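Read through the structure below, which is laid out as structure tokens, and then see the notes.
The structure presented is a predicted model; accordingly, all values stated were derived computationally and were not measured. Note that ligands are numbered from 1 as they come in the structure, with each ligand's atoms numbered from 1 the same way. Positions are given from 1 along the sequence.
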Amino acid sequence: MKKVGIVMGSKSDLPVVEKAAAVLAEFGVPYEMHIYSAHRTPEEARSFALTAREKGFGVIIAAAGMAAHLAGAMAANTILPVIGIPCKGAVLEGMDALLSTVQMPSGIPVATVAIDGAKNAGYLAIEILALSEESLAEKLEAYRAAQAADILQKDSDLNR
Ligand code: RP5
């Protein structure tokens, strides 16, 4: 199975990013985590994106806050799908990172999830890998069914 590359702009993004990693682990999807900053370590970030496909990665998740250019920098240097997680910073409630991540020019897309939406980044990465991994598709179907059953049970409990 192809791996998911998870990159974050700073160690301070780790508490958010860990939620994506937990989802991948739950589904048995292999991943690697790295700290590469588009601004502080631009060469390492570029090199990771340039070589990710040949190293067996199938998707890249990139998390950054503030002037969040990491996901865009990844997308600029690979044709792998890139999922961006805008991280909430100390100011502006993450709107700065959301707009920096989502407003990509045509031809270089970043699939942007919600501010701090790391779990959905994990699920989206799994959905992409499931296109060519039937066992993952089956796990996703089971997960969706269990999620629906749980909500219907809670609904039923409300009216007891
Ligand atoms: C961004 O700046 C990082 O992704 C992080 O979200 C934010 C703050 O970084 P630190 O100053 O905590 O290292 O580049």
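When atom types are taken as modelled, the side chain of T41 and the backbone of S37 share a donor-acceptor pair closer than 3.5 angstrom. Checking side-chain atoms of K19 against main-chain N and O of D116 turns up no donor-acceptor pair under 3.5 Å.
The CE atom of M1 lies 11.0 Å from the CZ atom of F27; values are rounded to the nearest 0.5 Å. From D13, atom CG reaches atom CE of M33 across 12.0 Å, with rounding to the nearest 0.5 Å.
Using a cutoff of 4.0 Å between basic side-chain nitrogens and carboxylate oxygens, R160 and D157 are scored as salt-bridged.
Protein residues with a heavy atom closer than 4.0 Å to ligand 1 are G9, S10, S12, D13, R40, A64, G65, M66, listed by chain and number.
Between the side chains of E127 and Y123, not a single donor N or O lies within less than 3.5 Å of an accepting N or O.
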